[in-house]
Amino acid sequence: MFFKSLPCEVTKRRSAGVQNAHMKNRGAGGTYKDVVPLAWDVHHDFDVIGEAEFEQKWGRSKQSIRDCAPAYQQLWEDSNDSLA
């Protein structure tokens, strides 16, 4: 639930449609540490369309979004520490 409470990394919108988007799929060794909150439509495009089309549509490269994963991991760890 933590990630669903955050705004989308790309649109900055907060909505029930924000998803935990894996930046490295589980089959490739991705874990809960490789997650960024993305709105449903952004997440869909991230997974489906090519890099150039994505950047043109959303104004961000896919790599710039992947690079955000460590910061969200830190937020998640900090939120869990505050619950302890």
Side-chain angles (χ1 to χ4, degrees):
M1 288 303 287
F2 171 75
F3 279 94
K4 293 181 183 243
S5 70
L6 299 173
C8 171
E9 171 61 32
V10 175
T11 67
K12 305 304 182 199
R13 294 185 314 236
R14 288 183 185 270
S15 74
V18 171
Q19 303 176 343
N20 306 333
H22 288 271
M23 298 294 100
K24 183 177 182 183
N25 71 46
R26 292 178 191 166
T31 69
Y32 68 95
K33 295 180 180 186
D34 304 302
V35 177
V36 172
L38 294 179
W40 182 91
D41 51 347
V42 179
H43 187 184
H44 176 266
D45 286 350
F46 190 94
D47 290 343
V48 174
I49 66 178
E51 178 76 39
E53 186 179 355
F54 184 89
E55 189 167 354
Q56 182 177 20
K57 182 173 182 177
W58 295 106
R60 296 272 305 270
S61 70
K62 290 182 179 183
Q63 187 59 50
S64 73
I65 297 167
R66 286 183 193 102
D67 291 344
C68 295
Y72 285 105
Q73 171 60 24
Q74 189 61 53
L75 279 173
W76 184 81
E77 288 175 2
D78 291 348
S79 73
N80 282 335
D81 287 345
S82 69
L83 297 174

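Counting begins at 1 with the first residue of the sequence. In what follows, every heavy atom counts, from backbone to side chain, and hydrogens, waters and symmetry copies are set aside.
Residues E9 and L38 are in side-chain contact: their nearest non-hydrogen atoms beyond the backbone lie under 4.5 Å apart. Using a 4.5 Å heavy-atom threshold, the side chains of F54 and V48 count as separate.
For the pair C8 and A39, the tightest heavy-atom approach, listed with the atom from each and the gap, is SG-N, 3.2 Å. Taking both residues in full, the closest heavy atoms of I65 and V36 are given as O-CG2, 3.7 Å, listed atom of the first, atom of the second, then distance.
E51 places a side-chain N or O within donor-acceptor distance of the main-chain N or O of K62, the cut-off being under 3.5 Å. Here the side chain of K12 pairs no donor or acceptor atom with the backbone of P7 at under 3.5 angstrom.
With sequence neighbours excluded, the residues forming a salt bridge (Lys or Arg N to Asp or Glu O under 4.0 Å) with R13 are D41, listed by chain and number. Partners of E53 according to the side-chain contact (heavy atoms from CB on, under 4.5 Å) rule, which considers only residues two or more places apart in sequence or in another chain, are I49. Shown here are the side-chain contact (heavy atoms from CB on, under 4.5 Å) partners of D67, two or more places apart in sequence or in another chain: Q63.
When the side chains of ILVMFWY residues are joined at heavy-atom separations under 4.5 Å, either directly or via intervening members, V10 and V18 end up in two distinct hydrophobic clusters. Taken together through direct or relayed side-chain contacts under 4.5 Å among Ile, Leu, Val, Met, Phe, Trp and Tyr, L75 and V35 form part of one hydrophobic cluster.
Classified by interplanar angle (parallel below 30°, tilted 30° to 60°, perpendicular above 60°), the ring pair W40/H44 is parallel.
The structure places CZ of F46 at 10.0 Å from CZ of R60, a figure rounded to the nearest 0.5 Å. From Q56, atom CD reaches atom OG of S61 across 14.0 Å, with rounding to the nearest 0.5 Å.
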